[in-house]
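We use all heavy atoms of the structure for the numbers below, so side chains are in, but hydrogens, waters and symmetry mates are not.
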Amino acid sequence: MSSASTLPVTPTLPESRGQGFGAALVLGAAVAWSFGGTLARFLHIEDGWTVVFWRSLFAALFLLGFMLVRDGPRGTVQLFRGMGLAGIAVGICFATASTSFILALAYTTVANVMLIQAGVPLIAALMAWMLFREKIATHTWIAIAAVIGGVAIMVSESLGGGASMIGDALALLIAFAFASATIITRRFAHVRMTPAVFLGTVIAGTTAASQASGFAITASELGILIVFGALNFGLGLALFVTGARLIPSALAALLGTAETVLGPLWVALIHGEIPSPYTVIGGAIVLTALICYLGVELWRQRRA
């Protein structure tokens, strides 16, 4: 707690009001993220690395401004100093996930990407058991099995050539990257990860800059990329890391699944990209398993 004298103190809210405010922030993050696929479909930039560069740049600028306004210059410096190796690892995970998201959309549908990402909480639980032998309840194993079955149905078209194995593999990489970030964050709960998120956008932008064929964009594309980076990506991360500290983790994860439900819906309504029957069936299994699992976890936390 040595940083208490330099970092701004967040006012304490009554428990019920604080949880309500946190839930609203996390839900807002899920809604912001859910427009990612829709915004990407408005862009007609052939090189995905160019999109990653501009999106990461505007997200980084937004997050830096967010920390400066919230914590002040001295507080922001203290946050970066206290980030440590754990923050660097989380930053790499976010960089991997955000880059894979853009590249995956070039190979597969938004529905596949969003629904495979929905398995993050269960993938994190499985990885925690394998790496740290954390006990997992029976209902968690049942949900994991259901998610694996649902994802298998979703990607079954890829085996027959109806979809892209590359796209589905990138979507799975997103899920594993976020799961890894979740585990690291749990192991280092005392570290505030906002600087790590900023670092992730910088890593992604730097990597994209080295791979992009060019950076030229039109004025209309610039406007979309500003929204894509600052509001969809940066604002979503800022809302999530702020709100998730005020509510139980199970509730935060449950509210986060709103992105999975809304993402394909926006694309279907705005762009007419209708998911395949396999994606709908597999996605329904994944979402049902997640909602049941997270509902049980929320009930157990309230009892405890």
Side-chain angles (χ1 to χ4, degrees), residues 25-67 91 93-117 167 170-171 173-174 177-178 194 197-242 256 258-273:
L25 290 175
V26 173
L27 183 59
V31 173
W33 286 334
S34 70
F35 284 95
T38 300
L39 291 170
R41 289 296 191 253
F42 279 114
L43 297 172
H44 301 287
I45 301 174
E46 294 184 1
D47 189 355
W49 290 110
T50 302
V51 179
V52 173
F53 168 76
W54 287 108
R55 184 182 189 231
S56 300
L57 173 63
F58 291 122
L61 292 174
F62 178 89
L63 288 167
L64 181 60
F66 173 79
M67 287 186 287
C93 289
F94 276 118
T96 301
S98 62
T99 302
S100 298
F101 174 75
I102 300 299
L103 299 180
L105 292 178
Y107 294 96
T108 191
T109 64
V110 173
N112 271 32
V113 174
M114 293 292 184
L115 292 169
I116 291 176
Q117 283 182 228
L170 287 170
L173 180 59
I174 298 170
F178 269 106
T194 309
V197 174
F198 169 82
L199 176 63
T201 61
V202 173
I203 294 174
T206 303
T207 302
S210 66
Q211 300 295 321
S213 58
F215 305 101
I217 54 176
T218 65
S220 61
E221 290 171 341
L222 176 62
I224 295 172
L225 286 167
I226 291 175
V227 176
F228 200 12
L231 300 183
N232 168 252
F233 191 31
L235 177 62
L237 288 172
L239 290 173
F240 186 83
V241 297
T242 304
E259 175 193 1
T260 303
V261 178
L262 294 174
L265 176 62
W266 302 142
V267 176
L269 292 176
I270 297 175
H271 296 287
E273 184 179 294

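- Residues Phe228 and Val51 meet the side-chain proximity criterion, which asks for heavy atoms closer than 4.5 Å.
- Here the side chain of Thr50 pairs a donor or acceptor atom with the backbone of Gly214 at under 3.5 angstrom.
- Here the closest non-hydrogen pair linking Ala60 and Val202 is CB-CG2, 4.4 Å.
- Taken to the nearest 0.5 Å, the CG atom of Leu43 stands 12.5 Å off from the CH2 atom of Trp54.
- Here the OG1 atom belonging to Thr96 is positioned 11.0 Å from the CG atom belonging to Leu170, to the nearest 0.5 angstrom.
- Gln211 places none of its side-chain heavy atoms less than 4.5 Å from the side chain of Phe53.
- Contact detail for Gly28 and Leu239: the closest heavy-atom pair is C-CD1, 3.8 Å.
- Leu235 contributes atom CG, which lies 4.5 Å from atom CZ of Phe62 (distance to the nearest 0.5 angstrom).
- Nearest heavy-atom pair, Leu173 versus Ser100, reported as atom, atom and distance to 0.1 Å: CD2-OG, 3.3 Å.
- Closest of all the heavy-atom pairs between Phe215 and Ala209 is CZ-O, 3.6 Å.
- For Ala32 against Gly236, the heavy-atom pair with the smallest separation is CB-CA, 4.2 Å.
- Under the 4.5 Å side-chain criterion, counting only non-hydrogen atoms from C-beta, Leu237 is in contact with Phe94.
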Handout entry: Evaluation steps, side chain to side chain contact (heavy atoms under 4.5 Å, CB included), between Asn232 and Arg55
Key = CA-CA 9 Å; Asn232 168 252; Arg55 184 182 189 231; 3.0 Å; yes
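- Side-chain contact check for Leu63 versus Phe233: every heavy-atom pair is 4.5 Å or farther apart.
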Handout entry: Evaluation steps, side chain to side chain contact (heavy atoms under 4.5 Å, CB included), between Leu225 and Ile217
Key = CA-CA 10 Å; Leu225 286 167; Ile217 54 176; 3.8 Å; yes
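- Here the straight-line distance linking atom CD1 of Ile224 with atom OG1 of Thr38 works out to 11.5 Å at 0.5 Å rounding.
- The closest donor-acceptor contact from the side chain of Thr201 to the backbone of Phe198 lies under 3.5 Å.
- Side chain of Trp266 to main chain of Leu39: no donor-acceptor pair is present (N/O by atom type, distance under 3.5 Å, no hydrogens or angles).
- Under a 3.5 Å cut-off, the side chain of Ser98 and the backbone N or O of Ala95 do form a donor-acceptor pair.
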Practice task
Would you check, one step at a time, whether the test side chain to side chain contact (heavy atoms under 4.5 Å, CB included) holds for Thr207 with Trp49?
Solution key: CA-CA 8 Å; Thr207 302; Trp49 290 110; 4.1 Å; yes
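- Between Thr99 and Ala204 the shortest heavy-atom distance is OG1-CB, 3.6 Å.
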